[in-house]
Peer 1: 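My questions will all concern the structure given below.
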Amino acid sequence: LISEQSEPKFEKEEYLLDLVHHFNSCLELINTPNEQKMVFNFNLLAAKKAKEKIAYELAINYLKFSELILKNNHDLHSQLDVSIDEIFKEMVECFFQLKKFEQAEYYINLLLSRNINDIDKCNILLIKIRAYVTTGKLKEAIETASQALKIFKIKLPMKVTKFQVLKEILKVKYNYKNIFNDSLKKPAHEKEVFLVSQVFSSILDASYILNANLFIYISCRLINLAYA
């Protein structure tokens, strides 16, 4: 969340943690914008350090203090390089790593409920997909990928038939772009093509484990997207 160039330097990491703990224990006394911004950034830095050490509970604690500072000081939003959405995304990743799926879902739903475009929605769902794959919830990862693809009006079949696999193989073999151009709905813009490719790629390993036909189908779709 904080770039290495802008990170404050501490001789020992314990100094940072002691300082953050001190500030957080008297947060109600910190009431000037500059002080609030400083404490906000210190909490983000502490969260980053905690995540690097796989201390996800601790990272969540620091992120919640950052969230609290932003919620209590709406004027501070315009002065920061980090948005509340980015805080939520970090919390989602931490909760997933701890396998606290209900809490992760809560913040994902908060993100999805905001006034965001289709690209942002898909990026949020990608976080969810990758977290499911990392934590071994492969079926849920594929279901979420299906949800993400629907944003771009692309249907991912849960049960892939041999006919569907053969059809995709033929599209690869005979140049999908020229021969099958109207037979498959595909995103019209470069960003969308990239995101759809990311969604398919994120569940490639999961599909290999769960369903051989689905794995071949997704592999062919990825190749065909290269023609988009």
Peer 1: What about Leu112 and Leu195, same hydrophobic cluster or not, with Ile/Leu/Val/Met/Phe/Trp/Tyr joined at side-chain heavy-atom distances under 4.5 Å?
Peer 2: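 Leu112 and Leu195: one cluster.
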
Peer 1: When the ring centroid of Phe101 is compared with that of Phe95, is the distance short of 6.0 Å?
Peer 2: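 No, the ring centres sit 6.0 Å or more apart.
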
Peer 1: Just how far is it from atom CD of Glu168 to atom CD1 of Ile223, taken to the nearest 0.5 Å?
Peer 2: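 The distance works out to 10.0 Å.
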
Peer 1: When you measure from the side chain of Asn123 to the backbone of Ile119, do you find a donor-acceptor pair of N or O atoms at a distance under 3.5 Å?
Peer 2: yes

Peer 1: Using the side chain to side chain donor-acceptor pair (under 3.5 Å) rule, take Ser146 and Glu143 through it: C-alpha gap first, then chi angles, then the decisive distance, then the call.
Peer 2: CA-CA 5 Å; Ser146 177; Glu143 288 171 351; over 6 Å; no

Peer 1: Please test Lys155 against Lys150 for side chain to side chain contact (heavy atoms under 4.5 Å, CB included), starting from the C-alpha separation and ending with a verdict.
Peer 2: CA-CA 6 Å; Lys155 185 177 180 181; Lys150 282 178 183 176; 5.9 Å; no

Peer 1: Met91, Ile54: one ILVMFWY side-chain cluster at the under-4.5 Å cut-off?
Peer 2: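 Same hydrophobic cluster.
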
Peer 1: Using a strict cut-off of less than 4.0 Å between a Lys/Arg side-chain nitrogen and an Asp/Glu carboxylate oxygen, indicate whether Lys51 and Glu93 qualify as a salt bridge.
Peer 2: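 A salt bridge links Lys51 with Glu93.
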
Peer 1: Quick one: pull up CG in Leu214 and CZ in Arg221 and give me the separation to the nearest 0.5 Å.
Peer 2: 11.0 Å

Peer 1: Go through Leu149 and Phe200 one step at a time and tell me if the side chain to side chain contact (heavy atoms under 4.5 Å, CB included) criterion holds.
Peer 2: CA-CA 9 Å; Leu149 291 169; Phe200 278 127; 3.7 Å; yes

Peer 1: Are the side chain of Gln164 and the backbone of Thr161 linked by a donor-acceptor contact shorter than 3.5 Å?
Peer 2: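 Yes, Gln164 side chain to Thr161 backbone: donor-acceptor pair under 3.5 Å.
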
Peer 1: Taking all non-hydrogen atoms of both residues into account, name the closest pair between Ala104 and Val92 and its distance.
Peer 2: O-CG2, 3.8 Å

Peer 1: Hydrophobic clusters here meaning ILVMFWY residues chained together by side-chain heavy-atom distances under 4.5 Å, can you tell me if Val196 and Phe194 are in one?
Peer 2: no

Peer 1: Mind running side chain to side chain contact (heavy atoms under 4.5 Å, CB included) on Asp85 and Asp120 for me, showing each step along the way?
Peer 2: CA-CA 10 Å; Asp85 288 0; Asp120 289 337; over 6 Å; no

Peer 1: Less than 4.5 Å apart, side chain to side chain, heavy atoms only: is that true for Phe42 and Leu19?
Peer 2: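 Yes. Closest side-chain heavy atoms under 4.5 Å.
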
Peer 1: Please answer: with hydrophobic residues joined when any side-chain heavy atoms are less than 4.5 Å apart, are Leu68 and Phe23 in the same cluster?
Peer 2: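 Both belong to a single hydrophobic cluster.
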
Peer 1: Quick one: closest heavy-atom pair of Val39 and Ile69, and the distance?
Peer 2: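 Smallest heavy-atom distance, with atoms named: CG1-CD1, 3.8 Å.
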
Peer 1: Within 45° of the six-membered ring axis of Tyr107 and under 6.0 Å from that ring's centre, is NZ or CZ of Lys89 located there?
Peer 2: no

Peer 1: Just verifying a value: how many Å separate Ile142 CD1 and Lys137 NZ, rounded to the nearest 0.5 Å?
Peer 2: 13.5 Å

Peer 1: Quick check for you: to the nearest 0.5 Å, what is the distance between Lys162 atom NZ and Ile216 atom CD1?
Peer 2: 10.0 Å

Peer 1: Please test Asn43 against Asn61 for side chain to side chain contact (heavy atoms under 4.5 Å, CB included), starting from the C-alpha separation and ending with a verdict.
Peer 2: CA-CA 9 Å; Asn43 272 287; Asn61 182 58; over 6 Å; no

